[in-house]
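Okay, structure first, notes after.
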Amino acid sequence: MDNRPIGIFDSGLGGLTGLKALRELLPEENIVYFADSGRLPYGDKTAGQLRCMAEQNLRFLTGFGVKSILVACGTLSSNAADILAGWPVPTVGVLTSSADWMSRLTGSGPLAVIATEASIRSGGYRKALREVCPHREVVSVGCPDFVPLIESGHTAPGDPLLSEAVRKYLQPVLDSGAEALLLGCTHYGIIEEAITAFLGPEVTLVSAAESGAAALCSLLLKQKMTGGGGKTRFFTSGDPDAFNRSAALFLGEGAGDIQADAVERWEIPQEDRDKI
Ligand code: DGL
């Protein structure tokens, strides 16, 4: 029994897909969720900036005495995999967990991954998928408009701006005949319905966020480190009210007790901001 909290972070709403998945697997855990909304989007940052932010966010959550951390962000997981792997607190990133998940899929046709520009540019997903599925073609597409659209509320399947972006980014995936599509950015779980509506039900969707939650759950069970009081604390480096509103909207349905009703602000220290 280990009642220390689990830390989860992302640039904004995306990591909530991981939080939701983790809550379903381990409802008793105490969780500290950090949304770095003040520095969103991550997808247009350089690898150097992202590595710096990964360290700063890991340090912030480590300060809560967390027993483990879920980096519910494909962009940081793919640009700072070595930092995550070497962190003194057991840390799971969604890059390795997604590759593991994809390796368990049956079939031999092409695989696709969509993620932020910075994730795709890092080559991390392509490399990880090639390693676990060496005989399958891998198609990767960067989708820079998705995160800004999702964060500004364009998430409904019939939304015209979202539909246009979905068509633009997913046509190559459809053309490739991909059998499975990895949602390599945790935000994309929020628009899963729009993605399925375009690709059709034959294409298996794999959520990086859910794979991360499952990997963290296995780790805690294996190490006998589960336990807690089922509480969630939310922090943001952006506007707490805005995050509260969007998070409550997203978490609303079927999220049990994880209503984001009190979001606290974390003012990123000036010396940390100067490094970005
Ligand atoms: N949700 C994040 C990811 O998984 C970051 C998106 C962004 O801020 O660009 O990559």
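Ligands are counted one by one from 1 in listed order, and the atoms in each one are counted from 1 as well.
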Return the closest protein heavy atom for [atom] as residue, atom name and distance.
| atom | answer |
| --- | --- |
| atom 1 (N) of ligand 1 | His187 ND1, 2.7 Å |
| atom 4 (O) of ligand 1 | Gly74 N, 2.6 Å |
| atom 5 (C) of ligand 1 | Ser11 OG, 3.3 Å |
| atom 2 (C) of ligand 1 | Asp10 OD1, 3.1 Å |
| atom 7 (C) of ligand 1 | Tyr42 N, 3.2 Å |
| atom 10 (O) of ligand 1 | Thr75 OG1, 2.5 Å |

Exercise: do Arg39 and Gln56 side chains pair donor with acceptor under 3.5 Å: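 Yes, side-chain donor-acceptor contact under 3.5 Å.
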Residues Ser119 and Thr116: side-chain donor-acceptor under 3.5 angstrom: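 Result is yes, a qualifying pair exists.
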Geometric class of the Phe146/Tyr188 ring pair [parallel <30°, tilted 30-60°, perpendicular >60°]: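 Tyr188 and Phe146: perpendicular rings.
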Proximity of Phe9 and Tyr33 rings by center, below 6.0 Å: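 No, the ring of Phe9 stays outside the 6.0 Å limit from the ring of Tyr33, centre to centre.
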Heavy-atom nearest option to atom 9 (O) of ligand 1, drawn from Gly14, Gly43, Ser37: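 Closest candidate by heavy-atom distance is Gly43.
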Among Ile150, Thr17, Val147, closest by any non-hydrogen atom to atom 6 (C) of ligand 1: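 Looking at heavy atoms only, Val147 sits closest to atom 6 (C) of ligand 1.
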Element-labelled atoms of ligand 1 that are located less than 4.0 Å from some non-hydrogen atom of Thr116: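 Counting from 1, the qualifying ligand atoms are 6 (C), 9 (O), 10 (O).
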Per-atom contacts of ligand 1 with Cys73, taking only distances under 4.0 Å to non-hydrogen atoms: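 That gives atoms 2 (C), 3 (C), 4 (O), 5 (C), 10 (O) of ligand 1.
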Using only atom types and a distance under 3.5 Å, with no angle test, would you say the side chain of [X] pairs donor to acceptor with the backbone of [Y]?
| X | Y | answer |
| --- | --- | --- |
| Asn3 | Gly228 | yes |
| Arg59 | Ala54 | no |
| Ser163 | Asp159 | yes |

